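A quick note: this is a predicted structure, and the numbers were derived from the prediction, not measured. Naming convention: chains lettered A, B, ... in sequence-line order (proteins, then strands); numbering from 1 in each chain.
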Amino acid sequence: MSYKPTHSYLKKRISLFIIDIIASAYNTIVTEKDFIVNTTKPEFTGDYTVVLFSLTKKLNTNIKDLATNLGEHLLQNYSDVIASHNLTGAFLNISITESHLLNFLNVEYANSTYSKKPFHGKKVMVEYSSPNTNKPLHLGHLRNNFLGYSIAEIYKWNGYDVFTSCIVNDRGMHICKSMLAWQKWGNGKTPSDTNQKGDHFVGDYYVLFASALKQEIAELQQHGLTEKEAEQKSLLMQEVQKMLVLWEQGDAGIMQLWNMMNGWVYEGFDFTYKKIGTTFDRTYYESKTYLLGKKFVEDGLQEKKFFKKEDHSVWTDLTKYGLDEKLLLRKDGTSVYITQDLGLAENKFNDFAYNTSIYVVGDEQNYHFQVLKIILQQLEKPYANGVYHLSYGMVELPSGKMKSREGTVVDADDLIAEMTTIAKQHSIELGKIDAFNEEQLERLSFTIGMAALKFYLLRVDPKKKMIFNPEESIDFHGFTGPFIQYTYARICSIIDKNNAPITADENTVFLSSLEKELLLEIDLMPHIFEQSLAENNPSLVAVYAYTVAKKFNAFYAQHPILQAENEAIKKMRLRLATFVSYVLKNCAHALGFELPEKM
RNA sequence: GAUCUCGUAGCUCAGUUGGAUAGAGCGACAGCCUUCUAAGCUGUAGGUCAUUGGUUCGAAUCCAAUCGGGAUCACCA
């Protein structure tokens, strides 16, 4: 009759019980996939429900016999967990014993790392953020950063050895564009001259180039050229291409310009990364990995896995995978995007010997990563199969895609500042933090604003695109980060106000149905984190944290802990509150935001 | 054109991988602050799950077609 802290949640244990019973009573092997265990709908009595349809078919028996049989065996063999059962239709509803739940609570409530898996040595590399050094970060990058950070934390929680990395796209055509623009129209100005963050400063020159190019192409089109022809004929584009070749040759002047401008950008990025709490175990630079990629292409060419066209460009034929031919090296010998990713994969494997390598990159690059994996397989790299693209949808505005050229980009720095300001206004209006000094208020506002922002971006399934309406500011009420924070702060205050030691016999306690629900919810935490990892989807954790917090608030709004009818119940509720606070804290940690003890 | 993807309440999103009468938040409306934090709680209204057909005990979920949005198919990254 004692609870064993196995972290094996009830839903799973019930499945295993049933597999066991069927093996002995029916002499048949079934697996967890042969039947379903659900949480029971509120209108029926019970906690978990086994759906019997598929089992009756498999066992060639009728529902009633099977239900009676299962029910009896459950009660006999697992009486410490199973209290009772009833059958409605083909749904076998099972109730969990109160003693099991109370034991669970009493053993685990003080376990601040409840549901955390022990280290098992499997290595995961998570690459995320991956900025371009030609423009500042925007809302889409924030989704990427928060996703990458969160998924790394979820892997850690599940016992993985995690190594985070960032690839900086610091070279290529787009970088040359902003360099050329600065060379032409910058008049030697620096970010401090215009009092701008470095990334914003450089980004402005990228936009400047884009509009100049657009104008030039429009003029050429008036002379009867198609858009594509115009782009090829464009003097600006030709200059950019020349600059790229010079860059790859290591031209001293170009390198100096490149280093200077990238330096400005990094300064700006560092500021933003620090704010949003993004860190990497290692930063890779495309400028340093692309040469290795070129070598791989040469290797593949030698081994006749790739082929060269008449103009000296190098390709691989992917038609047998249902894809097209793919360019690997341009005719002028310079490398393309995928070339550097080949080198990068090798570098990452040499540095970390990963089992799995996750790339957090937008879904517009699904094709790219499909191709990358195939090419690595063509090259017979041992790490090829571990490549996984964590593809996420774009963040769009109600009017459609964000476009930097049209000025419809939601800038990351601006948004962070705005969230902090709103949080501050709320805090002052509510008047709860009057005792705070200016610095504490600033810190709290930032913590709350960031939680709102992070939760907002993480609560949605990553693979779906999401719509952000700048007209309506991000909410601080309801299904939000601040709601989790609020609940946590309340619990802290409850515990704080009860210093008096309580001694009572726990066995006299009875759980209300809501408390039971809350405990069953907490019991599910290991399952949620496993699922979240299996799907590479932090939104499950966000939803979970909200559900737990919601249930806590719902019950304790009406049943005050400190006014409980007797000491035993008070003690039990304090323990439950503590347990909830740990769960919330761990969820928040996985989602990358802080929980203040007072707000 | 080809491939992929999405379509659920006025808006933003869930929906436990095929299970019972489809759920939250926001917004709207009605209540609740002399008792642990009202960034909260309780209630009401709001749905032909894009459409049509199929598969079966059972479909928002699987299959097909249609309509509608988006992405990719670059010597951009």
Can you work out whether A/Val543 or A/Leu444 has the more 5'-proximal nearest nucleotide on RNA chain B?
A/Val543
Could you run through nucleotides 72-77 of chain B and give me one letter per nucleotide, 5' to 3': B if any protein heavy atom sits under 4.0 Å from the base, S if only the sugar-phosphate is that close, - if neither?
SS-BSB
More than 12 heavy atoms of other residues, nucleotides or ligands under 6.0 Å from NZ of A/Lys242: is that the case?
no
Would a 4.5 Å heavy-atom cut-off, applied to side chains only, mark A/Asn498 and A/Lys570 as touching?
yes
What interatomic distance, in whole Å, is found between C1' of B/A71 and the corresponding atom of B/U8?
22 Å
A/Phe483 ring over B/A39 six-membered base ring, under 5.5 Å and 30°
no
Hey, is the main chain of A/Val336 close enough, under 3.5 Å, to the side chain of A/Thr339 for a donor-acceptor pair?
yes
Quote, to the nearest angstrom, the C1' distance that separates B/A77 from B/U72.
14 Å
In terms of relative ring orientation, are A/Trp247 and A/Trp258 parallel, tilted or perpendicular, with 30° and 60° separating the classes?
perpendicular
Which residues in residues 449-461 of chain A have at least one heavy atom lying under 4.0 Å from any atom of RNA chain B?
A/Arg459, A/Val460, A/Asp461
For A/Thr480, answer base if it contacts any base atom (sugar-phosphate contacts may also be present), sugar-phosphate if it contacts only those atoms, and nothing otherwise; contact means non-hydrogen atoms under 4.0 Å.
nothing
Can you say whether the rings of A/Phe476 and A/His426 are parallel (under 30°), tilted (30 to 60°) or perpendicular (over 60°)?
tilted
Under 3.5 Å between N/O atoms: give me all the protein pairs with nucleotides 54-62 of chain B, atom names plus distance.
none

Hey, which of these two, A/Ile494 or A/Lys463, hits RNA chain B nearer its 5' end, going by closest nucleotide?
A/Lys463
